[in-house]
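Below: one structure, written as structure tokens.
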Amino acid sequence: MALRIGGHVDQLDPVAEALARGATLSQMFLGDPQSYKGPVVEYAGGAAALRAAAEAAGVDLYVHAPYPINVASTNNRIRIPGRKLLQQHLHAAAEIGAKGVVVHGGHLGKDEDAAVGFDNWRKCIDGLDLPVPLLIENTAGGDNAMARRLEAIARLWDAIGAASGGDRVGFCLDTCHAHAGGNDLGEVVERVLAITGRIDLVHANDSRDTFDSGADRHTNFGSGLIDGAELADVVRAAAAPVVCETPGGVEGQAVDIAWLRARLG
């Protein structure tokens with residue numbers, strides 16, 4: 001299996017970070033992941049130089065959008081700045097030649113009507129320019145999350161399917177989030193594909209916490225509570241590029257990448 005695999009890395013030089021891990025892919029933030037400030041390309045020479053370096057090295061780039069983005073929110077002061085920030089990251093990702101932008105599905109308050117959140121996603125997609133694919137990631141926690149449980153993902157995909165540009169929206173499957181979110185890894189790929197028709201990226205992570213805990217805490221392969229063979233089976237079945245968002249920097253992720261490749265043959 002020719003697996004495009006890498007890690008979540010510092011954005012200063014994501015090409016060098018990939019090569020140091022023996023990888024062919026890097027995911028990164030463009031700027032502060034906890035801020036509403038716009039994207040910043042820190043690579044020497046800027047966006048065009050990063051694009052050229054990645055192409056020359058055969059390294060695929062992915063951008064992870066900042067965590068505060070919640071386009072499902074009923075709060076205008078959260079939803080509207082989030083849409084603006086997401087659009088900025090989509091344009092910045094296109095400038096560096098990224099394959100896609102990953103964003104979390106978001107959530108509503110426990111007493112709010114989830115239907116409003118799903119429709120806010122439809123409105124968001126309707127209003128976005130999508131120069132690169134937008135990849136919605138399943139999340140680990142929240143009882144009123146838009147992309148935690150499979151039933152919610154199905155409602156989300158119905159809403160996105162009604163939007164102009166919905167065909168430019170893909171899915172990012174996180175193994176830790178699926179496990180912690182209460183989705184059986186033995187069937188999650190089949191069920192997600194039945195809903196979305198696609199898995200564009202896998203975030204391969206072990207979990208420090210128990211099934212359906214709602215806790216988003218990643219750990220290295222073999223040191224958490226996800227069966228190693230089951231995790232490898234998810235990656236194999238998804239047949240999509242893989243990002244290891246595991247701890248330990250270059251050394252930790254290089255070990256995880258080698259671990260995964262060895263199990264995929």
Side-chain angles (χ1 to χ4, degrees), residues 1-34 42-43 50 53-54 57-67 98-104 135 137-141 172-181 185 188 199-211 213-238 240-265:
M1 180 178 182
L3 183 67
R4 303 294 293 183
I5 182 169
H8 184 92
V9 305
D10 185 272
Q11 74 137 313
L12 193 61
D13 191 342
V15 176
E17 295 279 2
L19 298 178
R21 289 161 172 77
T24 52
L25 178 157
S26 281
Q27 176 185 277
M28 61 194 164
F29 294 114
L30 293 178
D32 184 349
Q34 300 292 352
E42 296 179 357
Y43 186 80
L50 175 54
V59 172
D60 291 344
L61 301 176
Y62 288 84
V63 171
H64 198 302
Y67 294 130
K99 301 296 184 183
V101 173
V102 178
V103 67
H104 290 176
L135 310 180
E137 179 182 356
N138 61 306
T139 50
C172 174
L173 174 63
D174 187 302
T175 57
C176 171
H177 297 178
H179 165 87
L185 290 184
V188 71
I199 295 175
D200 300 79
L201 190 67
V202 174
H203 283 175
N205 303 300
D206 206 336
S207 173
R208 291 170 56 185
D209 297 279
T210 56
F211 181 80
S213 64
D216 180 5
R217 298 197 299 171
H218 302 179
T219 191
N220 301 96
F221 303 149
S223 64
L225 297 179
I226 297 178
D227 178 77
E230 195 166 49
L231 194 152
D233 284 345
V234 169
V235 172
R236 185 180 296 106
V242 179
V243 177
C244 298
E245 298 177 315
T246 50
V250 173
E251 292 183 3
Q253 290 183 358
V255 169
D256 284 337
I257 289 167
W259 181 98
L260 191 54
R261 282 197 174 122
R263 280 155 181 78
L264 295 173

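For Gln11, there are no side chain to side chain donor-acceptor pair (under 3.5 Å) partners two or more places apart in sequence or in a different chain. With sequence neighbours excluded, the residues satisfying ring-ring contact (aromatic ring centres under 6.0 Å, His included) with Phe211 are His179. The ring-ring contact (aromatic ring centres under 6.0 Å, His included) check on Tyr43 picks up nothing, with sequence neighbours excluded. Under the side chain to side chain donor-acceptor pair (under 3.5 Å) criterion, Thr246 pairs with Asp256, not counting sequence neighbours. For Arg261, the salt bridge (Lys or Arg N to Asp or Glu O under 4.0 Å) test picks out no residue, with sequence neighbours left out. Residues satisfying the side chain to side chain donor-acceptor pair (under 3.5 Å) test with Asp10, not counting sequence neighbours, are none. Shown here are the ring-ring contact (aromatic ring centres under 6.0 Å, His included) partners of Phe221, two or more places apart in sequence or in another chain: Trp259. For Asp216, there are no salt bridge (Lys or Arg N to Asp or Glu O under 4.0 Å) partners two or more places apart in sequence or in a different chain. Here Arg263 pairs with nothing under the salt bridge (Lys or Arg N to Asp or Glu O under 4.0 Å) rule; sequence neighbours left out. Looking at residues two or more places apart in sequence or on another chain, you find a salt bridge (Lys or Arg N to Asp or Glu O under 4.0 Å) between Asp200 and Arg198. With sequence neighbours excluded, the residues forming a side-chain contact (heavy atoms from CB on, under 4.5 Å) with Ala57 are Val15, Val59, listed by chain and number.
Around CD of Glu251, the count of heavy atoms belonging to other residues, nucleotides or ligands within 6.0 Å does not exceed 12.
In this structure, Pro14 and Leu61 have side chains that are in contact, with non-hydrogen atoms separated by less than 4.5 Å. In this structure, Leu25 and Lys99 have side chains that are not in contact, with every pair of non-hydrogen atoms separated by 4.5 Å or more. Between Cys244 and Ile5 the shortest side-chain heavy-atom distance falls below 4.5 Å. Taking 4.5 Å as the limit, some side-chain heavy atom of Asn138 sits within range of a side-chain heavy atom of Leu173. Between Glu137 and His203, the closest side-chain pair of non-hydrogen atoms falls below 4.5 Å.
With values rounded to the nearest 0.5 angstrom, Arg21 atom CZ is found 7.0 Å from Ile257 atom CD1.
Each of Ile226, Ile199, Val242, Leu185 was checked for a side-chain contact (heavy atoms from CB on, under 4.5 Å) with Val234, and the lone residue meeting it is Leu185.
Each side chain to side chain donor-acceptor pair (under 3.5 Å) pair with one or both residues in residues 222-235, not counting sequence neighbours, appears once here: Thr219-Ser223, Asp233-Arg236.
The six-membered or imidazole ring of His8 lies away from that of Tyr62, with a centre-to-centre distance of 6.0 Å or more.
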